[in-house]
Amino acid sequence: MSDCGGGLRVRPTVVNVICQTNDITARSLTWSAWGRPFTIGSGTAVVDLCAFEDCHTGSYQNFPIVVIASRIERCGKATQVYSRLQYVFVGPQPFAGLPASMNFSNFMAGSGRPGPGNQTVSLSC
């Protein structure tokens with residue numbers, strides 16, 4: 001699995017769910033069925049509750065999370081990697097009060113930033 005283009009790792013215990021930010025980081029992951037067409041990791045997400053508001057300090061809380069890596073592709077000549085990551089918060093939702101289609105054009109991260117309703121992330125080599 002690629003860590004946001006920063007190198008390949010097998011059964012990582014920490015995954016940056018949204019690359020280029022620390023908005024959602026899955027930690028203490030344990031995996032089942034690694035190497036199969038999809039694998040499931042469960043752990044704790046450290047979530048910046050300020051990520052989708054216009055604040056600059058960050059407010060971090062922990063939430064149970066399940067991540068599903070799938071879509072195995074070739075990365076180089078012989079290496080296979082998972083190229084898709086989906087995530088689901090188990091129990092309370094950190095961004096439950098936010099609309100699914102927010103406009104991020106006024107945020108520092110720009111309009112291409114994934115919103116709280118986008119729970120599928122592409123992984124690259």
Side-chain angles (χ1 to χ4, degrees):
M1 175 181 291
S2 172
D3 182 22
C4 296
L8 301 178
R9 300 181 305 162
V10 176
R11 292 182 187 89
T13 58
V14 176
V15 171
N16 292 315
V17 175
I18 299 179
C19 294
Q20 301 171 351
T21 76
N22 62 351
D23 295 346
I24 303 172
T25 303
R27 298 182 175 278
S28 304
L29 291 172
T30 56
W31 296 92
S32 64
W34 189 267
R36 303 279 185 168
F38 68 91
T39 180
I40 299 171
S42 60
T44 301
V46 178
V47 177
D48 181 1
L49 298 177
C50 227
F52 299 104
E53 297 177 18
D54 193 13
C55 59
H56 307 293
T57 58
S59 174
Y60 296 89
Q61 285 189 14
N62 295 334
F63 294 87
I65 193 169
V66 172
V67 294
I68 303 154
S70 62
R71 196 177 292 156
I72 295 176
E73 294 181 357
R74 291 224 179 267
C75 183
K77 292 184 179 182
T79 306
Q80 291 185 322
V81 298
Y82 291 106
S83 66
R84 182 178 187 196
L85 185 73
Q86 294 172 280
Y87 63 96
V88 176
F89 294 105
V90 179
Q93 303 297 304
F95 308 115
L98 298 177
S101 58
M102 288 184 68
N103 180 354
F104 293 102
S105 61
N106 294 327
F107 287 72
M108 292 186 339
S111 60
R113 182 181 194 172
N118 182 3
Q119 295 181 311
T120 301
V121 181
S122 294
L123 303 172
S124 59
C125 293

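For clarity, every value in this text was computed on a predicted model and none was experimentally measured.
Taken from CZ in R71 to CG in L123, the straight-line distance is 10.0 Å, to the nearest 0.5 Å. In this structure, F38 CZ and R84 CZ are separated by 12.0 Å, a value rounded to the nearest 0.5 Å. Here the OG atom belonging to S28 is positioned 12.0 Å from the CD1 atom belonging to I65, to the nearest 0.5 angstrom. To the nearest 0.5 Å, the span separating CD on Q86 from OG1 on T120 amounts to 4.0 Å. Interatomic distance, I72 CD1 to M1 CE, rounded to the nearest 0.5 Å: 10.0 Å. Atoms CG and OH, from L8 and Y82 in turn, are 13.0 Å apart once rounded to the nearest 0.5 Å.
When V121, V46, V17 are each tested for a side chain to side chain contact (heavy atoms under 4.5 Å, CB included) with I24, only one passes: V17. Between T25 and the options V47, V15, N16, a side chain to side chain contact (heavy atoms under 4.5 Å, CB included) holds for only N16.
Heavy atoms from other residues, nucleotides or ligands lying under 6.0 Å from CZ of R9 number more than 12.
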Tell me, with the steps shown, if L49 and F63 meet side-chain contact (heavy atoms from CB on, under 4.5 Å).
-> CA-CA 11 Å; L49 298 177; F63 294 87; 3.9 Å; yes
Evaluate side-chain contact (heavy atoms from CB on, under 4.5 Å) for R74 paired with Q80, printing each intermediate quantity in order.
-> CA-CA 4 Å; R74 291 224 179 267; Q80 291 185 322; 3.6 Å; yes
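The hydrophobic cluster containing I40 does not contain L85, counting ILVMFWY residues as joined when their side-chain heavy atoms lie under 4.5 angstrom apart, directly or transitively. Put simply, V81 and W31 are part of two different groups of oily side chains (I, L, V, M, F, W, Y) that touch within less than 4.5 Å, one to the next. Cluster annotation: W34 is connected to L29 through the hydrophobic network of ILVMFWY side chains, with a link wherever side-chain heavy atoms come within less than 4.5 Å.
What you find for S59 and D48 is that their closest heavy atoms are N-OD1, 3.0 Å.
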